[in-house]
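Just below is one structure, and these are the notes that go with it.
Not measured: the values here are computed from a predicted model. Whatever order the structure lists them in is the order used to number ligands and atoms, beginning at 1.
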Amino acid sequence: MIKFCSKYVFQYKIEYGIYFLLGIILCGLNTFIPAAMGQFINMFNVETTYSAMLKFIFLLLLLYVGKEIVCYVNKILYIRIQTNAAFSLNFEIVNHLKKVSPLVIGRTDLSYLSQRINNDANDVLIFFISSLTELIFSVFSAGIILFMIWKMDSIAFIVTMFLLALYFFIYIGFKKRIYNCSYGMKEEKSNFFSRLQEQLEKIEFIKIHSMDSFFLNRLVASYQKLYRSIFKQQATIQAFANLEGIVGAISVCILLWIGGKKILTGDMQIGYFYMISVYFNMILEYGKEIVAYGQEYQEAYVSFERIKSILEIKEQSKGCIRLNEIKQIRIQDLNFAYDQKETIKSFSTNLKKGKVYGLKGENGCGKSTLIKILMGMYVDEYQGNIIWNDTEMRNLDMDYIREHVISVTEQEPTLIADTIYNNIALYRKLDVKCIQRAVDCFGDSILKRDNWDLQINEKSSNISGGEKQKIAIIRQVVQDGQVMIFDEPTSAMDESGKKQFLQLIDQIKNHKIIIIVSHDNAILNTCDEILIL
Ligand SMILES: Nc1ncnc2c1ncn2[C@@H]1O[C@H](COP(=O)(O)OP(=O)(O)OP(=O)(O)O)[C@@H](O)[C@H]1O
């Protein structure tokens with residue numbers, strides 16, 4: 001875990017170096033200030049002047065102010081390192097997930113997953129930057145303080161050591177329980193936020209189908225699970241803290257008894273007793289912190305394990321051959337199953353340049369699945385061969401092919417919350433005349449040039465289903481790939497929209513392989529060949 005975190009934190013080496021240095025200075029100040037205070041009290045045991053006293057007070061003031069300034073800079077650096085490192089980790093995890101098979105992501109609740117990634121990335125890095133660094137300082141400071149207590153009073157030293165050992169054994173006893181409770185709580189937390197998000201995400205569906213009580217019950221059930229897990233985790237942590245507190249209180253009383261007795265017999269000056277009691281309390285705090293790091297470690301380890309389980313998901317295979325000109329695609333004995341469910345069975349065909357293919361078949365027979373396979377979404381999952389010119393698809397660089405060669409209009413196109421123009425051009429530099437020509441084919445008022453700056457909202461709810469399909473078709477046409485796939489492209493369009501689409505296909509079909517998935521005979525009848533799944 002340490003090695004893993006250092007990769008992200010040490011991107012900010014200089015900041016971390018200064019943060020660490022300031023931490024050491026803070027430790028030094030924390031240890032030095034009580035000693036100075038003890039000496040101040042002892043000054044009154046011998047004859048001292050008013051000006052010497054003022055000098056001492058001024059020195060103490062400088063130390064306190066200096067400590068606050070160091071504290072401030074330290075905190076600012078911490079925020080900078082932690083926030084940036086957490087972003088880098090989030091970025092890497094999301095980037096990794098984009099390279100695994102879409103089938104893996106498809107099975108997961110995405111709001112649960114994004115919650116989980118963000119929380120775990122923050123937890124693990126906060127532990128590394130804050131807790132682990134402070135642990136080093138605590139051990140270091142505790143060492144110095146123990147040495148000073150030993151120098152001042154050997155019995156107080158033995159009491160302190162006994163106490164630290166006791167803390168350690170209490171931690172060992174609680175370790176496993178804290179880990180298990182934390183794991184359960186984190187899972188339930190992610191689940192709860194996903195249920196919460198669902199309330200807003202499906203708001204229209206809930207209203208239309210009067211599902212309010214069903215979804216609220218789901219939320220309440222998830223909250224109850226979360227509540228039980230939080231309660232269990234907090235109760236365990238609290239029991240651990242209280243046991244620590246009892247041990248600490250007994251130890252303080254023992255020290256007061258030893259110190260008080262020595263002052264009464266004149267074996268110790270009050271200034272030294274002050275120092276020992278402050279140091280003893282500091283040791284208690286450091287002891288608690290050191291043991292708390294154990295608990296924080298268990299929690300951070302849970303996050304680390306969860307991050308690791310995501311990063312260990314195998315990436316999709318990727319070939320390296322790039323093609324720019326496609327003459328044919330041969331599909332030979334293609335088989336595909338979702339988990340155990342056989343979806344495409346022994347499908348073969350030969351797709352040639354210059355032809356328009358109509359793909360038909362009953363609902364659920366695998367038409368959209370075949371398209372996703374051709375787009376290279378399931379390269380590790382299909383059996384049989386898909387040969388582009390003379391190259392098997394598994395050996396192709398499908399990122400390149402998708403960018404330059406093959407494109408698709410999905411059954412339910414996704415639009416970005418941006419202008420109509422950007423949704424068509426997808427931020428590429430395209431010839432405006434070419435966009436204009438494609439738009440003119442539909443002659444739709446919303447697509448006219450005056451409306452290109454119209455902003456589509458987050459949920460694309462200010463655009464109708466037919467308009468969405470037209471934007472997606474134009475987007476594909478202007479990309480001008482050699483292989484074009486349209487998955488039920490006109491299902492939401494009126495009759496004139498369908499006609500305009502067919503005219504558009506007629507204009508662009510030369511030198512391309514075009515596949516149109518449709519249940520509409522008017523569309524299928526215009527195709528050169530029909531493929532049945
Ligand atoms: N990600 C998935 N995980 C599991 N099963 C899936 C997945 N996607 C699709 N399926 C199943 O695979 C079968 C084929 O789905 P597909 O969407 O390819 O059918 P289709 O022929 O395009 O149907 P339609 O004509 O209704 O659009 C369906 O039974 C569907 O439930």
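Polar contact with ligand 1: absent for Y378 (N/O pair, distance under 3.5 Å). Remark: ligand 1 and G361 share no N or O pair separated by less than 3.5 Å (distance only, no angle test). Residue-to-ligand polar distances place G366 within reach of ligand 1: an N/O pair is separated by less than 3.5 Å.
Among protein heavy atoms, atom 25 (O) of ligand 1 sits closest to K367 NZ, 2.7 Å. In terms of protein heavy-atom proximity, atom 3 (N) of ligand 1 is nearest to Y338 CD2, 3.4 Å. When hydrogens are left out, the protein atom nearest atom 24 (P) of ligand 1 is N363 ND2, 3.7 Å; that is the closest non-hydrogen contact. Of the protein's non-hydrogen atoms, the one nearest atom 17 (O) of ligand 1 is S368 CB, 3.6 Å. Counting only heavy atoms of the protein, atom 23 (O) of ligand 1 lies nearest to G364 N, 2.9 Å.
No side-chain N or O of N350 forms a donor-acceptor pair with one of Q332 less than 3.5 Å apart. One side chain, Y8 or E92, offers a donor N or O that lies under 3.5 Å from an acceptor on the other.
Only the side chain of T343 comes within 4.0 Å of ligand 1, counting heavy atoms alone; its backbone N, CA, C and O stay farther away.
A salt bridge links E325 and K353; the closest N-O separation between the charged side-chain nitrogens and carboxylate oxygens is under 4.0 Å. At a threshold of 4.0 Å, the pair D480-K512 counts as salt-bridged, since one of the basic side-chain nitrogens sits closer than that to a carboxylate oxygen. Under a 4.0 Å N-O distance rule, the pair R394/D380 does not qualify as a salt bridge.
Judged by a 6.0 Å distance limit and a 45° cone about the ring axis, R177 is positioned over the six-membered ring of F174.
Interface of Q411 with ligand 1, defined as ligand atoms under 4.0 Å from a residue heavy atom, comprises 27 (O). In summary, the atoms of ligand 1 found under 4.0 Å from a heavy atom of K341, numbered by their order in the structure, are 11 (C), 12 (O), 13 (C), 28 (C), 29 (O), 30 (C), 31 (O). Of all atoms in ligand 1, listed by their number and element, those nearer than 4.0 Å to a heavy atom of H519 are 25 (O). Heavy-atom contacts of E488 reach the following atoms of ligand 1: 25 (O), 27 (O) (cutoff under 4.0 Å). Every atom of ligand 1 with a heavy atom of T369 under 4.0 Å away is listed here by number and element: 14 (C), 15 (O), 16 (P), 18 (O).
The aromatic ring centres of Y382 and F336 sit 6.0 Å or more apart.
By the side chain to side chain donor-acceptor pair (under 3.5 Å) test, D487 is found to be paired with S368, residues two or more places apart in sequence or in another chain being considered.
Around atom CZ of R218, more than 12 heavy atoms belonging to other residues, nucleotides or ligands sit under 6.0 Å away.
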